[in-house]
Protein chains: 2
Amino acid sequence: MGLSKIEKFTAEQNEIARLAKALGHPARIAIIQFLVKTNSCVCGDIVDELPLSQSTVSQHLKELKTAGLIKGTIEGPSVCYCINEVTWLKAKNLLGDLFESYSSKNNCC
Amino acid sequence: MGLSKIEKFTAEQNEIARLAKALGHPARIAIIQFLVKTNSCVCGDIVDELPLSQSTVSQHLKELKTAGLIKGTIEGPSVCYCINEVTWLKAKNLLGDLFESYSSKNNCC
DNA sequence: TTCCTTAATCGTAATTTTACGATAAATGTT
DNA sequence: AACATTTATCGTAAAATTACGATTAAGGAA
């Protein structure tokens, strides 16, 4: 079926999974790392940074944008992308809390 | 094509993406949260906790196990699962570093 | 041994993802 | 206006994901 039954899970579980899934491809990690490294809007250079075709990169950018992790603003003929701080912090907190919630004590196997 | 060109990216990018992808489904988040909550080996109760069939849950468990995030030990007729601490901490660090690497200063759009 | 329980695997189907070339749309330049 | 640049979208194909029922495998209980 390929379609997750999102209605069966909590809003938080769906949200965490949605954000993690958006980060679940090396190209998108590369895009994020590039945006973080330059630490400002990046206009037009992203395609050149990736070993993928322009259309494929555009698709990955769209997925990151749909997930809310980045945002793009039109700047003349090109588009400038940067990290979307609000969702970025939400992802940081949700995933951070998940990782923090585990304690190695009582681990029996 | 559905196949990511993992050879085009760095080992770190692939590793982060691989771990994030494993967390990219609400059922797997639910499994992880359940294991974290009980904070010990969970034997046989996982299927009952999820709104999915036994075979589907088994498939999700396998993906988490393949990613290294959980481990299962055979305990009589059932299998006990728990968080795999080593990979869990690796994921925590890799994703943690990624989220920490972003600073909202100089954000222009 | 026979039965029951538990979990993995198989087979299958629908959907999504990944990827690329080609095309379209939008803006700036000459 | 004509052209070049940049990015999104369309069309397509291959592969992966998700899901379930049915079956298999393994261990414990009667």
Side-chain angles (χ1 to χ4, degrees), chain A residues 1-9 13-14 17-31 34-35 41-67 69-82 109, chain B residues 1-9 13-14 17-31 34-35 41-67 69-82 109:
Chain A
M1 283 137 189
L3 222 189
S4 10
K5 307 198 146 183
I6 62 170
E7 75 279 4
K8 304 280 195 73
F9 299 96
Q13 285 163 348
N14 282 313
R18 204 178 57 81
L19 292 166
K21 192 177 186 181
L23 295 174
H25 193 286
R28 297 197 285 271
I29 295 296
I31 291 170
F34 183 57
L35 292 178
C41 286
V42 173
C43 304
D45 301 325
I46 298 181
V47 173
D48 304 325
E49 289 289 322
L50 295 187
L52 297 169
S53 74
Q54 182 266 322
S55 59
T56 303
V57 173
S58 182
Q59 223 169 281
H60 283 302
L61 287 169
K62 188 181 180 182
E63 279 179 66
L64 286 171
K65 204 159 55 177
T66 300
L69 290 171
I70 66 173
K71 55 184 174 180
T73 54
I74 298 171
E75 197 85 22
S78 63
V79 179
C80 297
Y81 284 102
C82 63
C109 39
Chain B
M1 283 137 189
L3 222 189
S4 10
K5 306 196 145 184
I6 63 170
E7 74 278 3
K8 305 279 195 72
F9 299 96
Q13 286 163 349
N14 282 314
R18 204 178 57 81
L19 293 165
K21 192 176 185 181
L23 296 174
H25 193 286
R28 296 195 286 271
I29 296 296
I31 291 170
F34 184 57
L35 291 179
C41 287
V42 173
C43 304
D45 301 324
I46 298 181
V47 173
D48 304 324
E49 289 289 320
L50 294 186
L52 297 168
S53 74
Q54 182 267 323
S55 59
T56 303
V57 173
S58 181
Q59 224 170 278
H60 284 301
L61 287 168
K62 188 181 182 182
E63 280 179 64
L64 285 171
K65 203 160 54 177
T66 301
L69 290 171
I70 67 173
K71 55 183 174 180
T73 54
I74 298 171
E75 197 84 20
S78 61
V79 179
C80 298
Y81 284 102
C82 62
C109 37

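Residue numbers begin at 1 in each chain, while the letters A, B, ... track the order of the sequences. Treat the numbers as computed from the prediction; the structure is a model and nothing was measured.
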Short side-chain N/O contact from B/Tyr81 to OP1 or OP2 of C/dT6, under 4.0 Å: no
Counting just side-chain N and O atoms, does A/His60 come under 4.0 Å of either OP1 or OP2 of C/dT17? no
Just to verify, what does B/Pro51 make a side-chain contact (heavy atoms from CB on, under 4.5 Å) with, not counting sequence neighbours? A/Lys8, A/Phe9
Between C1' of D/dT18 and CG of B/Leu23, the distance in whole Å: 17 Å
Nearest heavy-atom neighbours spanning B/Leu19 and B/Ala67: CD2-O, 3.8 Å
Footprint string (nucleotides 21-30 of chain D, 5' to 3'): B base within contact, S backbone only, - free, heavy atoms under 4.0 Å: BB----SS--
Among C/dA8, D/dT7, D/dT18, which nucleotide sits nearest the side chain of B/Ser58? C/dA8
With nearest nucleotide decided by heavy atoms, which residue, A/Ser78 or A/Glu63, maps closer to the 5′ end of DNA chain C? A/Glu63
Once side-chain contact (heavy atoms from CB on, under 4.5 Å) is applied, do any residues pair with B/Ala20, and if so which ones, sequence neighbours excluded? A/Leu23
Does B/Lys62 put a side-chain nitrogen or oxygen below 4.0 Å from OP1 or OP2 of C/dT9? yes
Expressed as a whole number of angstroms, how long is the span from B/Leu61:CG to C/dT6:P? 15 Å
Counting the atoms with a prime plus P, OP1 and OP2 as sugar-phosphate, which does A/Gln59 contact under 4.0 Å by heavy atoms, base, sugar-phosphate, or nothing? base
With sequence neighbours excluded, tell me which residues meet side-chain contact (heavy atoms from CB on, under 4.5 Å) with A/Ser58. A/Gln54
Among residues two or more places apart or on two chains, list those pairs meeting side-chain hydrogen bond (donor to acceptor under 3.5 Å, both in side chains) that have a residue in residues 17-27 of chain A. A/Glu15-A/Arg18
Under 2.5 Å between the sulfurs of B/Cys82 and B/Cys41, yes or no? no
Figure out the CG/C1' separation between B/Leu64 and D/dT17, and round it to whole Å. 14 Å
Walking DNA chain C from its 5' end, the first of B/Lys65 and A/Gly24 to be reached, judged by nearest nucleotide, is B/Lys65
Rounded to the nearest angstrom, tell me the gap between atom NZ in A/Lys8 and atom P in D/dT18. 15 Å
Should A/Lys21 be listed as having a side-chain N or O under 4.0 Å from OP1 or OP2 of D/dT17? no
Please identify each residue that fulfils side-chain contact (heavy atoms from CB on, under 4.5 Å) with B/Gln59, with sequence neighbours left out. none
Whole Å only: how far is the CD1 atom of A/Ile46 from the C1' atom of D/dA8? 14 Å
